[in-house]
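As a basis for the values below, the full set of heavy atoms in this structure was taken, side chains included, without hydrogen atoms, waters or symmetry mates.
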Amino acid sequence: MSTAAHRRPLPLQIALWVFIAVWFMMAAFPFFWTLWGSFKVELDFFSIADWTNALTGANTQSTYGSPFTTAGYEGAFIQNEFWRNSINTFIVCFCVVTVSLTIGTLGGYALSRSGYKYVFWLLIIALMFRALPQITLVSGYLPIFFDWNIWGYLPTAILVLVAINQPFTLWMLHSFFESIPKDLDEAAKVDGCTQFQAFRFVIIPVMWPGVITTGLFSFLLAYNDFVVTALILNEGNRTMVPQIAAFLGTTYTEGNVMFAVAAVVSATAPLFILVMFFQRQIVSGLTAGAVKG
Amino acid sequence: MKHRTFFWFFLPTAAAMLLFIALPIVSVITQSFFTPHEAVLIETENCGPFGCTKETTIDQDATAAIREAQPLGRFVGWQIYTDRGHLAFGEVGEAWRNSDGLRSFAGSLMNLPFYDALVFTLTYTFICTPFLIILGFTIAVAVNSLHRRLKGLMIFFSLLPMIVTPLIGALVLSWMVDSRGVLGNFLSWLVSDPDLSVKASTPLMWVCLIVYGIWSSAPFAFVVFYAGLQTVPQDTLESAQIDGATRWQQIRFVVIPHLAPLVTFVALIQLMDNFRVLEPILGFGAQAHAQSLSTFILSDLSGETRQLSSAATTSVLTIIGIAILLTPVLIRTWRDFNAKSH
């Protein structure tokens with residue numbers, strides 16, 4: 001495609017490069033800056049005197065004898081026991097992904113194989129549920145959870161997150177199963193399988209790409225959630241994100257902003273790795289709904 | 001698939017959604033009409049040699065008995081909806097009578113917490129959404145013109161603002177625009193005002209939140225449009241070139257019409273998501289400058305005294321708001337569906 005007609009005039013090419021560079025800086029710079037700064041002391045991270053201190057770590061050098069320090073991480077993980085929150089996050093994410101994929105696959109498969117009109121309505125209802133701000137639901141849960149004494153525990157939060165996740169999971173898996181030819185399970189049924197056997201032996205072996213993509217988004221929803229975990233978990237069971245929010249309340253007064261910075265960097269790292277490995281799935285997942293609908 | 005089989009396949013997910021999405025909606029609607037019982041007070045008169053004194057105490061047993069008998073609380077009808085913290089009919093009417101122009105009326109409206117939150121939420125939603133669509137589209141066109149290797153790298157970094165936890169993303173930016181942070185320093189150097197503090201000024205804080213909103217959601221629009229660009233019909237593009245269309249005309253008359261359905265999709269998702277804006281306000285610590293409907297509910301729900309009725313009422317109003325926002329889209333989907341089935 002390098003014919004003369006396709007070659008861009010130089011000013012346009014330059015404008016394009018400048019734009020790309022500016023967007024690259026906007027997207028990536030904040031994270032690198034915070035990662036770099038998390039190994040400094042607060043006076044360097046927030047440099048009032050000279051902003052180059054944040055790069056060279058002059059104050060870190062004079063405090064710890066080296067331009068890098070892991071004091072923030074030690075403070076967060078050891079002093080404030082942030083590792084507990086990390087474990088909670090791991091439990092919540094693992095359970096949410098497993099449960100919501102299990103029931104979501106069954107539901108999404110059923111939606112894609114039933115030709116009746118109610119499928120449309122179920123999908124529209126799911127879309128409306130997806131539109132509800134989570135916090136409005138949480139204000140509905142609280143009095144009931146208090147009454148039943150299930151407020152504050154991880155399983156409660158997991159159940160809630162699974163349910164909140166369902167509308168999106170259903171939409172995605174529905175459109176994915178639509179792309180698997182119906183002939184496959186029809187053939188199995190002709191050979192004498194029940195619907196469930198057809199699902200079990202014919203569909204399950206070929207459904208993994210779609211399920212993995214959907215699972216990624218379930219994971220992101222559970223990992224990034226703030227509203228549900230902050231309002232439903234008690235202090236001892238907090239996951240990472242509400243704990244970081246809690247750091248803001250307590251550590252700002254104690255002058256330990258660096259704990260929060262270290263916690264933020266630690267909570268972002270898994271997401272970085274996730275995007276690195278699953279970039280293609282994330283992109284295809286985001287576009288699946290769009291291209292179909 | 002038979003109805004029966006469908007039922008069993010769909011049951012678990014339907015149960016989850018009924019229990020944790022549909023029932024809570026019923027629960028907020030009910031709660032919004034009830035308010036907690038007031039404590040039962042008894043007045044006793046102690047008469048001594050120096051006259052009588054009246055004393056009020058809380059009758060613990062009677063209070064507990066009433067709470068037991070009517071666990072929902074006291075029925076108050078629409079009272080919570082119309083009180084000062086929500087729709088504030090009385091105050092609005094008064095402001096309307098007392099104000100001498102639309103401007104002063106708007107001013108006094110903004111002093112009412114609910115309208116303040118509503119105005120910010122709507123401003124945020126309706127400024128962020130179009131801008132992020134434009135930015136996302138521009139990034140998509142720009143990245144699409146890159147070399148194949150660079151594309152992957154750019155997609156990776158472009159995804160970051162969207163993938164990262166909203167609260168964390170907001171915090172990272174908030175530390176940078178802090179008056180001691182690198183961007184804050186840069187801005188005050190730019191306007192040569194050493195005392196400039198973004199976080200102290202309401203308009204600047206609003207701008208900041210909106211910029212954050214665009215920054216964090218543009219990648220979504222970018223990815224969707226980028227995928228759409230891969231399916232632009234090359235024949236049409238080529239014939240446009242042969243007919244002498246300029247680059248801009250090719251984009252305007254071939255690419256944009258091709259992507260139009262995707263724009264509707266992105267707009268729909270983003271309207272939903274921006275309407276629930278919550279984490280950025282907490283991350284930037286901007287509660288003093290901006291309240292959204294979600295933070296309004298959050299502040300009722302957290303804290304020592306959980307004001308569940310008030311939160312429930314705001315929730316119902318929020319749900320009505322999102323319903324109004326989505327009606328046009330739903331009507332459109334309904335028409336498309338009917339057109340398809342005929």
Side-chain angles (χ1 to χ4, degrees), chain A residues 5 16 19-20 23-24 26-28 30-31 33-34 46-48 51 54 103-104 106-107 109-110 113-114 120 129 131-133 135-144 159-160 162-163 166 170 195 220 224 226-227 231 241 244-245 264 267-268 271 275-276 279 282-283 286-287 290-291 293, chain B residues 1 5-6 9-10 12-13 16-17 19-21 24-25 27-28 31 139 142 145 154-161 163-168 171-173 176 178 180-182 185 215 220 223-224 227 241 262 265 272 275-276 278-279 282 294 297-298 301 308 311-312 315 318-319 322 326 337:
Chain A
L16 217 56
F19 177 78
I20 289 277
W23 168 246
F24 177 78
M26 277 171 68
F31 299 106
W33 181 263
T34 311
F46 286 128
S47 32
I48 312 163
W51 71 271
I103 65 178
L106 290 174
Y109 173 71
R113 291 300 185 260
S114 172
F120 171 77
F129 283 168
L132 293 175
I135 192 144
T136 59
L137 300 177
V138 174
S139 57
Y141 303 137
L142 284 183
I144 303 168
L159 276 177
V160 169
V162 165
Q166 278 312 298
L170 279 181
Q195 185 81 42
L220 284 176
N224 288 344
F226 168 73
V227 173
L231 285 169
V241 180
I244 290 171
V264 157
T268 318
L271 293 176
V275 182
M276 224 179 270
Q279 180 176 329
I282 292 173
V283 171
L286 284 175
T287 50
V291 177
Chain B
M1 192 185 268
T5 343
F6 179 83
F9 268 94
F10 201 68
T13 170
M17 288 197 289
L19 275 178
F20 290 98
I21 302 181
I25 299 175
S27 155
V28 279
Q31 278 181 67
I139 304 172
S145 72
M154 274 311 291
I155 293 174
F156 172 76
F157 283 108
S158 303
L159 282 177
L160 290 179
I163 291 290
V164 97
T165 316
L167 184 77
I168 289 180
L171 269 176
V172 165
L173 288 199
M176 289 175 75
D178 193 279
R180 299 165 298 159
V182 59
N185 267 330
W215 177 78
F220 174 70
V223 169
V224 173
Q241 279 166 2
L262 299 184
F265 167 75
M272 288 185 205
F275 196 74
R276 58 173 76 148
L278 169 77
E279 285 101 332
L282 300 182
S294 295
I297 303 174
L298 182 76
L301 286 181
L308 296 176
S315 298
T318 310
I319 293 175
I322 201 107
L326 286 188
F337 178 75

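Within the 4.5 angstrom heavy-atom criterion, atoms from both the backbone and the side chain of Ser145(B) approach chain A. When heavy atoms are compared at a cutoff of 4.5 Å, Ile139(B) approaches chain A by way of both its backbone and its side chain. For chain A, the nearby parts of Ile163(B) are the backbone and the side chain; heavy atoms of each come within less than 4.5 Å. For Leu137(A), the parts lying under 4.5 angstrom from a heavy atom of chain B are both the backbone and the side chain. Within the 4.5 angstrom heavy-atom criterion, atoms from both the backbone and the side chain of Ser294(B) approach chain A. Using a 4.5 Å cut-off between heavy atoms, Leu142(A) touches chain B through its side chain atoms alone. In this structure, chain B has heavy atoms under 4.5 Å from both the backbone and the side chain of Ser114(A). In this structure, the portion of Leu159(B) lying under 4.5 Å from any heavy atom of chain A is its side chain and not its backbone. Looking at Phe19(A), the atoms closer than 4.5 Å to chain B (heavy atoms on both sides) all sit in the side chain, from C-beta outward. Contacts between Leu278(B) and chain A at a heavy-atom distance below 4.5 Å involve the side chain alone, from C-beta outward. Contact annotation for Ile155(B): both backbone and side-chain heavy atoms come within less than 4.5 Å of a heavy atom of chain A.
Chain A forms more heavy-atom pairs under 4.5 Å with one residue of Leu282(B), Ile322(B), Val223(B) than with any other, namely Val223(B). The most heavy-atom pairs under 4.5 Å with chain A, out of Thr318(B), Leu326(B), Val28(B), Thr5(B), come from Val28(B).
Here the CD-CD1 distance, from Gln166(A) to Ile21(B), works out to 8.0 Å after rounding to the nearest 0.5 Å. Between Ile297(B) atom CD1 and Thr136(A) atom OG1 the span is 6.0 Å, to the nearest 0.5 Å. Thr268(A) OG1 to Leu171(B) CG: the interatomic distance, rounded to the nearest 0.5 Å, is 9.5 Å. The CG atom of Leu173(B) lies 9.0 Å from the CE atom of Met26(A); values are rounded to the nearest 0.5 Å. The distance from atom CD1 of Ile144(A) to atom CG of Leu19(B), rounded to the nearest 0.5 Å, is 9.5 Å. With rounding to the nearest 0.5 Å, the separation of CE in Met17(B) from CD1 in Ile103(A) is 8.5 Å.
Under the 3.5 Å distance criterion, the side-chain polar atoms of Tyr141(A) are matched with a main-chain donor or acceptor of Phe20(B). At least one donor-acceptor pair closer than 3.5 Å links the side chain of Gln31(B) to the backbone N or O of Ser139(A).
Taking every heavy atom of both residues into account, Ala267(A) and Ile168(B) meet most closely at CB-CD1, 3.5 Å. Residues Trp215(B) and Pro30(A) come closest through the heavy atom pair CZ2-CG, 4.2 Å. Closest approach of Phe157(B) and Ala27(A) over heavy atoms only: O-CB, 3.4 Å.
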Go through the steps for Ile135(A) and Arg276(B) under the test side-chain contact (heavy atoms from CB on, under 4.5 Å), then give the verdict.
-> CA-CA 8 Å; Ile135(A) 192 144; Arg276(B) 58 173 76 148; over 6 Å; no
Begin with the C-alpha distance, continue with both residues' side-chain angles, and end with the deciding distance and a verdict on side-chain contact (heavy atoms from CB on, under 4.5 Å) for Val227(A) and Leu298(B).
-> CA-CA 8 Å; Val227(A) 173; Leu298(B) 182 76; 5.7 Å; no
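Annotation: side chain of Phe9(B) is in contact with side chain of Gln195(A) (closest heavy-atom distance under 4.5 Å). Here the side chains of Leu106(A) and Thr13(B) are not in contact, with every heavy-atom distance at 4.5 Å or above. Side-chain contact between Trp23(A) and Ser158(B) is present, with heavy atoms from C-beta onward closer than 4.5 Å.
Evaluation of the ring pair (Phe, Tyr, Trp, His ring centres under 6.0 Å) rule for Phe10(B) yields Phe6(B) as partners, not counting sequence neighbours.
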